[in-house]
Amino acid sequence: MWVSSNKLLSSRKYVKHVSFIRLYAVSALAHLNFALSNPIEELQTIDTHEKNLVTNHFVEKDKVKVVETLKYLRKDPVLAFSFFNQLKENGFCLDPHAYAAIVRILCYWGWDRKLDSLLLELIRKERDLDFKIMNLFEALAEGFESECSNILVRVSDALVKVYVTVGMFDEAIDVLFQTKCRGFVPHILSCNFLLNQLIERGKIDVAVNIYRQMKAFGLSPNDYTYTIAIKAFCRKGSLDEAVDVFREMEECRVTPNAFAYTTYIEGLCLHGRSDLGFEVLQAWITAKIPIDLFAFTVVIRGFCNEMKMKEAENILHDMEKQGFAPDVYMYGALISRFCMVGNLFKALALHDEMVSKGIKTNCVIVSSILLGLSHMGMASEVANQFKEFKEMGIFLDKACYNVVMDALCKLGKVEEAVALLVEMKGKQMVPDIINYTTLIGGYCLKGKVFDAWNLFEEMKKNGHKPDVITYNVLAGGLSRNGLAQEALNLLNDMETQGVKPNTVTHNMIIEGLCIAGKVDDAETFFDNLEEKCLESYSGMVSGYCEADHTKEAFDLF
DNA sequence: GGAAGCACTG
């Protein structure tokens, strides 16, 4: 990298800088070579205080040089970034001015991703730094007036984004609201991103508070901000306040777009008012308000959730008369709900209708059909349908494979299920923990505990971290097959892996041991539980029943 | 800046 960049710059000054760069790229102790012939040995002979003095003296001098060098390399961002990284890797203590220098270069060249990762790295190691991230703003503010405001806005936007991404909302809010006193205002998009993520993480009240205060901080909401506010009020169930947002938009002369209207309709549907949602949708269509097809999906889904299947289906068929063509999402909502309630006849009829209209089906819809069959106890039919869909050339993903593997396992055909895992791998699909868990359960069901264990090991070897469900399935399998000690060992393994056992884990072990006839072991395990909740008692009662210890079951009950 | 499905107990 140094060589190619050498071609770009060839002045004497450049040579001086390159030699400085090389010197620093060697090792963390290298900078002490300036003064000491045998640095390590000499440092060992002086006391810590003196050592710090020596080190600090050179480090201070070098810090200035680093900033100068970075400023000089502004036209060569590749070299500058590389130099900066070398210093970091070699443990050179970089101060806010060095960071400010590289940040200016990244901003100048529009290297947004690199800026994001640099800030993320700073956040991650802020505790080990001898400065605060806010000091970076002070260092940046010392730049040229003309560019500094621009850079401050960009850096605070990037910082808000990074803080939000890692879930550090308080810090993101601080950045957003400290900016006014620094004389600049971040982009509204950063604020929107923050608000939206707050809502996604369930922090609705925080989002609403920010929305209410943002104007005072010089931030002007745009159409998207208002849509997020509508979403927040709808999630809270404050539908009247959601309507107030539309009024506010009118006052501020911001025109609502299709997103805003649909968000409000979705709010009504979420609160069991799909009928009202549909009325509003129709009224808005009549008023020629811009609405897109997504609003129909929202209302159809709403009716499906309320189990008003006739209404949901009517929308799909009536909208065509109004000149709107239903799409795969609307059919998908209906098909999956019909599958869920066991009306496969209706689900398949709608699927045929959809395909006959030239709308291509997809693996999500296929999976809901397969799951519907499975829930109806039609495991063989699941395998047949799967084969048919495959022969039709429809792409079938991990979830589809899983439904079939699960059905085969329930039929006791675990080997056939494992053959599908092999088939997946042959298609370059990487099985996930759900696929592995299904098969581990399948082997356990057949009493093939060692095969289950091997699969568990394979899964870990392939880089998949088992979750609580995987552990529960395996713990249950071990217990049911009488391997009490192995189940307890697995419980310890869970803890060391940082996976917390839950009531289900405990009950899988208790009931499993009882099924295996090891009622004494189950009782000991139950008695040793640190916290017993109602479900724990249920587990032990069920266990007694499984083992025909009816009297003990009743006494405990 | 918005779209759905799969693995553990009852």
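Just so we're on the same page: letters track the sequence lines, and every chain starts at 1.
- When rounded to the nearest whole Å, the span between CG of A:Leu194 and C1' of B:dG1 equals 14 Å.
- Nucleotide B:dG10 holds its C1' atom 14 Å from the CD1 atom of A:Ile510, rounded to whole Å.
- Backbone-only engagement by A:Val473 is indicated by non-hydrogen atom pairs under 4.0 Å involving sugar-phosphate atoms exclusively.
- Side-chain atoms of A:Glu511 lie closest to B:dG10 of the nucleotides B:dC8, B:dG10, B:dC6.
- A:Thr438 contributes no side-chain N or O that forms a donor-acceptor pair with the base of B:dA7 under 3.5 Å.
- Applying the 3.5 Å distance criterion, the base of B:dG1 shares no donor-acceptor pair with the side chain of A:Asn222.
- No donor-acceptor contact under 3.5 Å links the side chain of A:Asp432 to the base of B:dA7.
- Enclosure of atom NZ in A:Lys460 by more than 12 non-hydrogen atoms of other residues, nucleotides or ligands within 6.0 angstrom is indicated.
- Nearest heavy-atom pair, A:Ile188 versus A:Ser220, reported as atom, atom and distance to 0.1 Å: CD1-O, 3.3 Å.
- Atom NE2 in A:His464 sits roughly 19 Å away from atom P in B:dC6 (whole-Å rounding).
- Following rounding to the nearest Å, A:Tyr329 (OH) and B:dA3 (C1') show an atom-to-atom distance of 5 Å.
- Comparing B:dC8, B:dG1, B:dG5 against the side chain of A:Leu371 picks out B:dG5 as the nearest.
- Checking B:dA7, B:dA3, B:dG5 against the side-chain heavy atoms of A:Ile434 singles out B:dA7 as nearest.
- Remark: P of B:dG2 and NZ of A:Lys231 are 8 Å apart, rounded to the nearest angstrom.
- Residue contacts shown for A:Cys339 are absent, as no nucleic acid heavy atom lies under 4.0 Å away.
- Using a 4.0 Å heavy-atom cutoff across all strands shown, A:Asn502 reaches no nucleic acid atom at all.
- For A:Tyr443, the side chain to side chain donor-acceptor pair (under 3.5 Å) test picks out no residue, with sequence neighbours left out.
- Here the nucleotide nearest the side chain of A:Asn196, chosen from B:dC8, B:dA4, B:dG1, is B:dG1.
- Enclosure of atom NZ in A:Lys446 is not indicated, since only 12 or fewer non-hydrogen atoms of other residues, nucleotides or ligands lie within 6.0 angstrom.
- Atom-to-atom distance recorded for A:Asp244:CG and A:Glu248:CD is 9.0 Å, nearest 0.5 angstrom.
- Annotation: proximity of residues 244-275 of chain A to DNA chain B (heavy atom, distance under 4.0 Å) is found for A:Asn257, A:Phe259, A:Thr262, numbered in ascending order.
- Here A:Thr227 lies in heavy-atom contact (under 4.0 Å) with a base.
- In this structure, the ring of A:Tyr401 has its center less than 6.0 angstrom from the ring center of A:Phe386.
- In this structure A:His549 satisfies the ring-ring contact (aromatic ring centres under 6.0 Å, His included) test with no other residue, sequence neighbours excluded.
- Taking atom CG of A:Asn305 as the reference point, atom P of B:dA4 lies 11 Å away to the nearest angstrom.
- Look at CD1 on A:Ile291: it is 17 Å from P on B:dA3, rounded to the nearest Å.
- With hydrogens and angles left out, the side chain of A:Ser367 and the base of B:dG5 share a donor-acceptor pair within 3.5 Å.
- Taking 3.5 Å as the limit, the base of B:dG5 and the side chain of A:Asn402 contain no donor-acceptor pair of atoms between them.
- Residue A:Met540 contributes atom CE, which lies 18 Å from atom P of B:dT9 at whole-angstrom precision.
- A:Lys448 and A:Glu415 are joined by a salt bridge, as a carboxylate oxygen and a charged side-chain nitrogen come within less than 4.0 angstrom of each other.
- Nearest nucleotide to the A:Met508 side chain, out of B:dA4, B:dC8, B:dG2: B:dC8.
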